[in-house]
There are 2 protein chains.
Amino acid sequence: MATAMAHEHADARPDLLPTLEDRGYRLTGPRLRIAEHLARRRGSFTAEELAGELPGLGRATVYRTVKLLLDAGVLCKATLPDGAARYSLDGPHHHHHFVCVSCGKVQEFRHPAVERLVRAIRSDVPGELVGHRIELYMNCAECLARGQE
Amino acid sequence: MATAMAHEHADARPDLLPTLEDRGYRLTGPRLRIAEHLARRRGSFTAEELAGELPGLGRATVYRTVKLLLDAGVLCKATLPDGAARYSLDGPHHHHHFVCVSCGKVQEFRHPAVERLVRAIRSDVPGELVGHRIELYMNCAECLARGQE
DNA sequence: CCAGCTAATGATACAACATCTCATCCTTGA
DNA sequence: TCAAGGATGAGATGTTGTATCATTAGCTGG
């Protein structure tokens, strides 16, 4: 990698449950299972995949918990070109995504120029800027290498 | 508006059908109706809305044609924060979107800094950059004014 | 420690969006 | 004009996510 701009998570966040507790949510069996599973898991996933990996848990519960963790900032959501949503453990800072269109891997990236850009645009907008989404689509190094075999 | 950066389309493109013909697609009745309707229409829309506005046409046909026009570059697709897709007539140049989260209006914008940013990032990516999506979410001037009434 | 309030669960239905199937129709090129 | 095969449309199917609601089980206060 040319710079330290992009990175994957080295290890999962151990503070997943406390985050829920701090928000006044109950620590239930299903949430524990989901938290443990996420801590062990690597890579990005869809809500449906997650539900499939946790037999015995209701689909609705998995979807509800994903949304909860999304609001809590534990998970973040990336969107593929076709609109499909993938989730992954969230880094502690504001960031955007590299999404591999071949394998679905999601990497975070930060770049000061991004926020500079948003700030520059904000002053020109005929209205109130309330958010932005920036996703970069790529073929990751692994997929490129695999394709050349 | 502070600059000429953002704009809506002044008039629809008359070359909608030739574009299809050039690509080897047949000029059929349903496609004609859709093209005429789009030329007359203003603003953005969902595929479902479009189907509703064209009674007598099969839903599948409308969806298929939207995708066709998307590939042909006649339409472009913007994505709302919740993942919903809205379509609008595409400008002739590469651009990104302002999307009003209140009324769904889509405006195009171009900013040289965007492409500069993408170029800067491209050289740092551990892989091959194949595309990007940048959407800015806002409350447009009209919605702000309406909210203050 | 226990009771009870209430959030959380999970089975299921529902909803929105999009695609697939396939018999039939219609454009097109010869 | 006619045949070939792309296009259509009704409906089934798939995907993703939310609403409903009776039941279960955390938490808290006594």
Side-chain angles (χ1 to χ4, degrees), chain A residues 16-38 44-72 74-88 99 104 106, chain B residues 16-38 44-72 74-88 99 104 106:
Chain A
L16 202 149
L17 278 319
T19 301
L20 279 187
E21 206 165 19
D22 288 348
R23 297 193 142 223
Y25 295 115
R26 292 183 178 173
L27 296 187
T28 66
R31 287 177 180 162
L32 249 162
R33 277 195 61 197
I34 292 173
E36 282 175 9
H37 184 74
L38 287 180
S44 63
F45 51 89
T46 67
E48 210 66 37
E49 284 170 9
L50 195 60
E53 291 162 6
L54 291 163
L57 290 194
R59 221 169 57 95
T61 299
V62 173
Y63 273 86
R64 277 187 291 241
T65 305
V66 164
K67 175 175 276 192
L68 225 62
L69 296 176
L70 214 53
D71 289 344
V74 175
L75 290 182
C76 61
K77 176 174 167 179
T79 308
L80 270 58
D82 64 2
R86 294 196 73 83
Y87 304 93
S88 53
V99 184
V106 176
Chain B
L16 202 149
L17 276 321
T19 302
L20 278 187
E21 207 165 17
D22 288 349
R23 298 193 142 225
Y25 295 114
R26 291 184 179 171
L27 297 187
T28 66
R31 285 175 182 165
L32 248 162
R33 276 196 63 198
I34 293 173
E36 282 174 9
H37 184 75
L38 286 180
S44 63
F45 50 88
T46 67
E48 210 68 36
E49 283 169 11
L50 195 61
E53 291 161 7
L54 292 164
L57 290 194
R59 228 166 49 92
T61 299
V62 174
Y63 273 85
R64 276 187 289 241
T65 305
V66 164
K67 178 174 277 194
L68 225 62
L69 296 176
L70 213 54
D71 289 345
V74 175
L75 291 181
C76 62
K77 175 174 168 179
T79 308
L80 271 59
D82 65 1
R86 294 196 75 81
Y87 303 92
S88 53
V99 184
V106 176

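Chain naming here is simple, since letters A, B, ... match the order of the sequence lines and numbering starts at 1 in each. Side chains are part of it too, since the values below use all heavy atoms of this structure and drop only hydrogens, waters and symmetry mates.
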Enquirer: Whole angstrom is fine here: how far is it from CG in B:L80 over to C1' in D:dT16?
Expert: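 About 17 Å, once rounded to whole Å.
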
Enquirer: A:P30 side chain: which of C:dG10, C:dC17, D:dA7 is closest?
Expert: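 For the A:P30 side chain, the nearest candidate turns out to be C:dG10.
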
Enquirer: Is any side-chain heavy atom of B:T65 less than 4.5 Å from a side-chain heavy atom of B:Y25?
Expert: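 Side-chain contact under 4.5 Å: no.
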
Enquirer: I'd like to check A:T19 versus A:L69 (side-chain heavy atoms, cut-off strictly below 4.5 Å). Are they in contact?
Expert: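 When only atoms from C-beta onward are counted, A:L69 and A:T19 do not touch, as no gap falls below 4.5 Å.
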
Enquirer: Rounded off to whole Å, could you give me the CD-to-C1' distance for the A:E21 and C:dA8 pair?
Expert: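 Value for this atom pair: 15 Å.
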
Enquirer: Is A:T46 close to A:L50 at the side-chain level, that is, under 4.5 Å between some pair of heavy atoms?
Expert: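 SC-SC contact between A:L50 and A:T46 ruled out.
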
Enquirer: Base, sugar-phosphate or nothing for B:A84? Non-hydrogen atoms, less than 4.0 Å.
Expert: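 B:A84: no heavy atom of the nucleic acid under 4.0 Å.
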
Enquirer: Whole angstrom is fine here: how far is it from CG in A:L54 over to C1' in C:dG10?
Expert: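 One finds 14 Å between C1' of C:dG10 and CG of A:L54, rounded.
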
Enquirer: Look at A:R31 and C:dA8 and indicate whether a side-chain polar atom (N or O) is within less than 4.0 Å of OP1 or OP2.
Expert: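 Yes, because at least one side-chain N or O of A:R31 sits under 4.0 Å from OP1 or OP2 of C:dA8.
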
Enquirer: Taking CG from B:L70 and C1' from C:dA18, how many angstroms apart are they, rounded to a whole number?
Expert: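 Taking atom C1' of C:dA18 as the reference, CG of B:L70 is at 13 Å.
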
Enquirer: With a 4.0 Å cutoff (strictly under), does any side-chain N or O of A:Y87 reach OP1 or OP2 of D:dG17?
Expert: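 A:Y87 to D:dG17 OP1/OP2: side-chain N or O found under 4.0 Å.
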
Enquirer: How would DNA chain C look in dot-bracket form, 5' to 3', counting Watson-Crick and G-U wobble pairs with both distances under 3.5 Å and writing | for bases paired to another strand?
Expert: ||||||||||||||||||||||||||||||

Enquirer: I'd like to check B:E36 versus B:L32 (side-chain heavy atoms, cut-off strictly below 4.5 Å). Are they in contact?
Expert: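 Sidechains of B:L32 and B:E36: in contact.
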
Enquirer: Of all the choices, D:dA19, D:dG11, C:dA7, which nucleotide is nearest to the side chain of B:A60 once you look at every atom?
Expert: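 Given the options D:dA19, D:dG11, C:dA7, the side chain of B:A60 is closest to D:dG11.
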
Enquirer: Whole-Å distance between D:dA7 P and B:L20 CG?
Expert: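 Result: 10 Å.
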
Enquirer: If you compare every side-chain N and O of B:T28 against the phosphate oxygens of C:dT27 (OP1, OP2), does one of them come in below 4.0 Å?
Expert: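 Answer no for this pair, as no side-chain N or O of B:T28 is under 4.0 Å from OP1 or OP2.
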
Enquirer: Rounding to an integer number of Å, can you tell me how far B:E48 CD sits from C:dA18 P?
Expert: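 B:E48 atom CD is separated from C:dA18 atom P by 7 Å.
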
Enquirer: Any side-chain heavy atom of A:L38 sitting closer than 4.5 Å to one from A:F45?
Expert: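 In contact.
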
Enquirer: Given 3.5 Å as the limit, does a donor-acceptor pair link the side chain of A:R86 with the main chain of A:A78, or not?
Expert: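 No, A:R86 side chain to A:A78 backbone: no donor-acceptor pair under 3.5 Å.
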
Enquirer: With sequence neighbours excluded, give me every salt bridge (charged side-chain N to carboxylate O under 4.0 Å, His left out) pair touching residues 23-35 of chain A.
Expert: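 Passing the test, one end in residues 23-35 of chain A: no pairs.
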
Enquirer: For a quick check, tell me whether the side chain of A:R64 and the base of D:dG17 share a donor-acceptor pair closer than 3.5 Å.
Expert: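 No pair found.
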
Enquirer: What's the closest nucleotide to the side chain of B:R59 if the choices are D:dA7, D:dC27, C:dT19?
Expert: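 Between D:dA7, D:dC27, C:dT19, the one nearest the side chain of B:R59 would be C:dT19.
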
Enquirer: Backbone N or O of B:G83 within a donor-acceptor pair of the A:T79 side chain at under 3.5 Å?
Expert: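 Checked: no pair found.
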
Enquirer: Is the distance from OP1 or OP2 of C:dT19 to the nearest side-chain N or O of B:Y63 less than 4.0 Å?
Expert: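 Checking C:dT19 against B:Y63, no side-chain N or O comes under 4.0 Å of OP1 or OP2.
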
Enquirer: Atom CZ of B:R33 and atom P of D:dG9: how far apart are they, to the nearest Å?
Expert: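 Going from CZ in B:R33 over to P in D:dG9 covers 9 Å.
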
Enquirer: A:L57 has a side chain; which of D:dG17, C:dG10, C:dT19 sits nearest to it?
Expert: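 Nearest nucleotide to the side chain: C:dG10.
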
Enquirer: Could you state the atom-to-atom distance from CZ of B:R86 to P of C:dA18 in whole Å?
Expert: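 So the CZ-P distance, B:R86 to C:dA18, works out to 11 Å.
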
Enquirer: Classify the nucleic acid contact of A:G24 as base, sugar-phosphate or nothing, counting any heavy atom under 4.0 Å across all strands shown.
Expert: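 The residue A:G24 makes no contact with any strand.
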
Enquirer: Quick one: on DNA chain C, does B:A85 or B:R26 contact a more 5' nucleotide (nearest heavy atom)?
Expert: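 Looking at the nearest nucleotide for each, B:A85 comes out on the 5' side.
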
